Amino acid sequence: MATLVLSDAVALRVRSGILEQTGATAAVLQSDTMDHYRTFHMLERLLHAPPKLLHQLIFQIPPSRQALLIERYYAFDEAFVREVLGKKLSKGTKKDLDDISTKTGITLKSCRRQFDNFKRVFKVVEEMRGSLVDNIQQHFLLSDRLSRDYAAIVFFANNRFETGKKKLQYLSFGDFAFCAELMIQNWTLGAVGEAPTDPDSQVDDMDVDLDKEFLQDLKELKVLVADKDLLDLHKSLVCTTLRGKLSIFSEMEANFKNLSRGLVNVAAKLTHSKDVRDLFVDLVEKFVEPCRSDHWPLNDVRLFLNQYSASVHSLDGFRHQALWDRYMGTLRGCLLRLYHD
Amino acid sequence: MPGKLKVKIVAGRHLPVMDRASDLTDAFVEVKFGNTTFKTDVYLKSLNPQWNSEWFKFEVDDEDLQDEPLQITVLDHDTYSANDAIGKVYIDIDPLLYSEAATVISGWFPIYDTIHGIRGEINVIVKVDLFNDLNRFRQSSCGVKFFCTTSIPKCYRAVIIHGFVEELVVNEDPEYQWIDRIRTPRASNEARQRLISLMSGELQRKIGLKVLEMRGNAVVGYLQCFDLEGESGLVVRAIGTACTLDKLSSPAAFLPACNSPSKEMKEIPFNEDPNPNTHSSGPSTPLKNQTYSFSPSKSYSRQSSSSDTDLSLTPKTAPSPQGPRIYLCPSSPPLSCGSLHLKKSCLLLSDSSLAPHHCSLGSPVLRKSVSFSEELFLAASGMGSGSAGKEGGPFKALLRQQTQSALEQREFPFFTLTVFPPGFLVHVGGVVSARSVKLLDRIHNPDEPETRDAWWAEIRQEIKSHAKALGCHAVVGYSESTSICEEVCILSASGTAAVLNPRFLQDGTVEGCLEQRLEENLPVGCGFCHIPYDELNMPFPAHLTYCYNCRKQKVPDVLFTTIDLPTDAMVIGKGCLIQARLCRLKKKAQAEANATAISNLLPFMEYEVHTQLMNKLKLKGMNALFGLRIQITVGENMLMGLASATGVYLAALPAPGGIQIAGKTPNDGSYEQHISHMQKKINDTIAKNRELYEINPPEISEEVIGSPIPEPRQRSRLLRSQSESSDEVTELDLSHGKKDAFVLEIDDTDALEDVHSLLTDVPPPPGFYSCNTEIMPGINNWTSEIQMFTSVRVIRLSSLNLTNQALNKNFNDLCENLLKSLYFKLRSMIPCCLCHVNFTVSLPEDELIQVTVTAVAITFDKNQALQTTKAHIEKSLQRASADTEELLQFPLELCSDSLPSHPFPPAKEHLESASSNSGIPAAQRATSVDYSSFADRCSSWIELIKLKAQTIRRGSIKTTVTVEKANPMGEGNFRNRSAPPCASSTVGVVKMTPLSFIPGAKITKYLGIINMFFIRETTSLREEGGVSGFLHAFIAEVFAMVRAHVAALGGNAVVSYIMKQCVFMENPNKNQAQCLINVSGDAVVFVRESDLEVASVQQPTANCQPLCAGGEVTT
């Protein structure tokens, strides 16, 4: 295995034309490459706990290079992460790495590293209080960007969001990471913890779990579609405002009730963890696909969602304004991100 | 002066998990010094314990302070079973004993275990309170400073250079004691580490005492080695040069006191002025009055030294009659004019030993011209010494007398220095060397005086007499080494015969006026080349011409030396590394037969090595070798010779002649053609090399000089009949032309191969230069980027039936490939120069060849590449700056080899692995060709190349085989100290370099000597990545421990770093391996010059190094 990889590396370097540039022989290149591997082997242990790399005495590495090493080691492939995102980071998944490797064309060794990185980060920050991104940054010394990506990966793995369905294939890791960030900011316990409501609560102040209470409360939103008057009122408010502003106004008008039912039902279902997992599937099925089939331009979607959320404030009979905002504020952001081809 | 040692254990970090159940460790620490032990509390369940202990205080003798290392053991507490050791730290507290060096040792030290390597770190603080003690009969020598650097350390001034100090201590090797059968490998390794550390502490203390006796206060060029004699014991020996040093107040004024008329010295060692301001005397300012004293040289302290020292103190007046001896002296007796027993010994075995020459040269009369330079490897240089000098003759004579008187009081007028204060070196005679083969034997009676000292004394005596034969009173650049295989040991010593200026050797007895006049007479930049011996009574055949520089004195045509190029030497072009490599098979034999076989082979080895060197030197178009180091290594079935030197073109010496090839069968037309083809190739190579190294000597027409000496060169195949009296030199002019002095005769395929191998020596890739001296002659615009590296290669020869050629080729390829891979790794540093390239060969087992290389790559600025013929190196060294730090052993190449670096996903795995890089050891296995068996061709191989011309000059050869029942060494009560300690503070950057300076920086303080010894053993070699992985990791760990120790002393660099030993043994069948490494160097504080400037302008924040490692490396 190792030798195979070594010869690959050598071949790659040969192709880069280094032998011609330097006049070195293949044997020299081979032994040089082996040296790199050996050093890497010694470094890899340290990279598993990056703060160790900072304090270790074996290698003198300037800080900028340390950062580069860590960053490169924790970097991952888009194709790979899409395969694993939302899956349980368990041995079972690890066994599937062969298939993932074949499917994505990423070497198994690389898949293993990426998987192990995900798992390692997950294990360390899983039970930690405080901001997920900060925790990751502190324990793995990653850049801000990479820390956010890992936060998304951890968040998805913890909540097991389904991302592998065919319907969702058009979505990139970036799309999910964007949503994850919004959800972490608004829907988790950490989000509440920062609010003045219960700063010292015994409830775990964690970013990785969705706020259960919040999910329970979401059932209250059902009234928006269950109450026919409320639904009609809502529709008329939205339609009045948007008339003339949307290119697809008639389609919107025709579909309003369906769309609204879809969005509110998604909220109401989130009490069950199974339905939480299907959140993205539902969003795509209930909102993205209908809009797309009617060829809504993105801007119209934005106008619609803004109006759709804002109009609820004018519904006198509706008492859960704060809850609605917490839900819809995030959902609106997510939907806009998810709405593309 | 007794003292109080205080130790505080602060904390630990990254400890290994010792309790599998909890994944944690209950660690505590034992602090041991001498026989006293303290313990910290157990810090439960943590991998990062905070002990924050009280101060543990040890009240001890200063003798113990010098000998003993502080031993810190980290353990895991176990309620039910024995406590498990996690690892140890040995801390050498010697640096705390100087009045001015470090005041505290404080920092993170790697916790080291001989089986597991580094296991976490421990933070320790150590202090010493010394009480003054004026006891005359003291056994301690606290305060004597030790430097590995072989020049006067940069921030000191040499007041007096006293001379040679040596000492050795012996003990049983714990690995061979009976108890080793029942103890664990770990216990055995630790016993060994501790013992060696104890012995080197004792050795240093004893040498210190000798220095104090000589009224010196420091040892410069301190070289300590240990000989693992196996069953017969463990020898730790050291040599050095005693000096009286004076601290220079301002770091800017590092010039040694060359111009300063102050000859006084201080009485009390080491009372350097604590207040730097009072001392702001530049080199030219007279120093403030100091108490007069003088160096008594010979009166070494006997009481203090171990039983064996006495032997060395008695100069031999007669051939030492102990035991049966076999003297081999294949060289011409008249050369060894100095020593009586040489001649005698010659008679003993002359028949057998001379036989090979006869057959090789055809005529016994020729002996002299091919005389093997076993010991006298004279290359010559000159000054019209004595009668020869026309001008300044009387002064020289006077000078000579003085020097003589100064030196002759000494038993051994040797100096381990390789770089000297200007004016110190007057003339250089040539390389002198001596080897002797000894049989080791088990020590039966440990109380009996040791024979090792006698052996060395004998060799030194020989060196001395060779120097005398060259008209020199002193030997500079002196070093000693051993090679041991089973019970046979080759002792070697070599140095450069020289005439020195007495001013530095003694107090001010020399008249000032005389000095002045002498100085006026000394020609600048070429004086050292002038022959010191009598032109009419030359010790060996040489071509003398008038100096090409001053035209006044005679110079030889080639000069070999073991020293660095003098700073004022005039060099044309650049220098280059020249190596001669050689293997000779030998039959396996036992004891005496083996020793005899080896000593029979030695002269041929020497001869061949010398021939190779000479050929390669000529091929490079150069005329002098500096830093010559010849290593002969003995293995079970072969001998290896490796000579490294830096070739240069000295302006004062005549241009080297070419190489002429002559075939044996001149009638054969095709053969002739072949020969002429080869000749052309050689000529082309010489021309190419001249261009490459920029050797463009100014054309001087001989007429102008008047060519007072008929050029005695010859090109014919007529051998010069050298008669016994050396004054016939001038009559022997058989030359047709003067440029083709060197004739290679090709008479069989072997010779052909040798010529081929000459030509196949590949020059380094463009942009690279290499040398084994401190800096490259001809380059003086160094930038401050330096990168030290160590590389170890082991090859296994597959077959038992090897021929010499196959072996030679293997060995040659091994060295060449090693160099090639270094060039490859360092490609990002171009243009750069590999300096201080130090090759070490060992034959650890039957079919194993191990080559270890340490060197430093320094970049230089190509644009302002001034080629100076007068290299004033000191200045150049201080030039330039730009911050770069060394990191790993090589800079990481993160975006290696034009791999596209994706901003987001780094693509494939192999990319990233390949890109993390660092250089150390690449061990490799090669299988070599098997060949027909090697009988006893040793006597005939010499025919391979016949040297016709006169240029080979050597003295006599003597190989002594002493078959002697070695008697037990003083088992003794050795106390120890100085050991494998290690440390680090907040991970500061510590530079390591084999050089004595740091380009672009100033050394402001010497903190003490670093001398560490480590053993690493594994029983899972394969799992640790095989030989390569094991060595790679171990060397990295050693580096880490050295750096940590330096950082704890408050230093930021190690200069004059050397890996003195790297002994690797493996047992692939058992999946085991063991490696011993001994390193040393000087811990220093340096300040970047750019920082100095900044500091003067801005704030004094300049010298603080950034936390956790330094700047950037350009890759």
Side-chain angles (χ1 to χ4, degrees), chain A residues 5-6 8-10 12-13 16-18 21-25 27-29 31-44 49 52 54-66 68-69 71-73 75-81 105-114 145, chain B residues 13-14 108 110 118 121 765 817 820-821 823-825 827 885-888 890 892-894 896-899 904-922 924 982 984 987 989-990 1025 1028-1029 1032-1033 1036-1037 1039-1041 1043-1044 1106 1108-1113:
Chain A
V5 175
L6 175 70
D8 289 350
V10 172
L12 206 75
R13 295 183 81 185
S16 78
I18 190 157
Q21 280 166 34
T22 58
T25 62
V28 166
L29 188 65
S31 100
D32 183 65
T33 311
M34 253 156 71
D35 283 344
H36 292 312
Y37 269 103
R38 272 192 289 275
T39 308
F40 176 69
H41 179 73
M42 290 166 76
L43 275 173
E44 195 172 17
K52 272 194 186 166
L54 244 61
H55 296 292
Q56 54 83 28
L57 302 172
I58 302 252
F59 301 107
Q60 286 196 114
I61 311 174
S64 60
R65 239 154 237 282
Q66 286 179 345
L68 191 58
L69 272 173
E71 200 75 0
R72 294 286 298 265
Y73 188 73
F76 52 83
D77 289 313
E78 166 91 30
F80 177 81
V81 75
I106 298 164
T107 59
L108 183 58
K109 212 174 157 122
S110 181
C111 289
R112 290 212 177 113
R113 171 186 62 90
Q114 298 183 32
R145 159 113 201 236
Chain B
R13 68 183 181 197
H14 308 152
W108 288 100
I118 291 177
E121 288 122 34
N817 286 336
K820 271 184 211 156
S821 60
Y823 294 137
F824 181 74
K825 282 183 195 303
R827 64 193 181 279
E885 298 299 329
E886 77 199 290
L887 347 142
L888 307 177
F890 282 95
L892 287 165
E893 302 167 2
L894 280 166
S896 72
D897 306 343
S898 70
L899 290 172
F904 183 67
K908 316 267 155 62
E909 182 72 14
H910 44 246
L911 283 192
E912 88 204 7
S913 333
S915 55
S916 76
N917 147 12
S918 105
I920 334 189
Q924 232 195 19
C982 14
S984 104
V987 191
V989 171
V990 175
S1028 312
H1032 194 142
E1037 285 176 344
F1039 282 9
M1041 288 185 279
R1043 286 195 302 251
C1108 4
E1112 259 303 340
V1113 160

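Keep in mind that what you see is a predicted model, and the values were worked out from it rather than measured. Per chain, numbering begins at 1; letters A, B, ... match sequence-line order.
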**Item:** Value rounded to 0.5 Å, distance of NZ in B:Lys820 from CG in A:Leu29
**Value:** 13.5 Å

**Message:** Restricting to non-hydrogen atoms, name the atom on B:Glu121 and the atom on A:His55 that form the minimum distance, rounded to 0.1 Å.
**Reply:** OE1-O, 3.8 Å

**Item:** Closest heavy-atom pair and its distance - A:Asp35, B:Lys825
**Value:** OD2-NZ, 2.7 Å

**Asked** What are the two closest heavy atoms between A:Leu57 and B:Ala1040, and how far apart are they?
**Response** O-CB, 3.2 Å

**Prompt:** Could you give the distance from CZ (B:Arg13) to NZ (A:Lys52), rounded to the nearest 0.5 Å?
**Reply:** 11.5 Å

**Prompt:** Do B:Tyr823 and A:Val28 touch side chain to side chain, with heavy atoms closer than 4.5 Å?
**Reply:** no

**Request:** Work out which heavy atom in A:Ile18 is nearest to a heavy atom in B:Arg827; give both atom names and the distance.
**Result:** CD1-NH2, 3.4 Å

**Prompt:** Atom CD in B:Glu1037, atom CE in A:Met42: separation rounded to 0.5 Å?
**Reply:** 6.5 Å

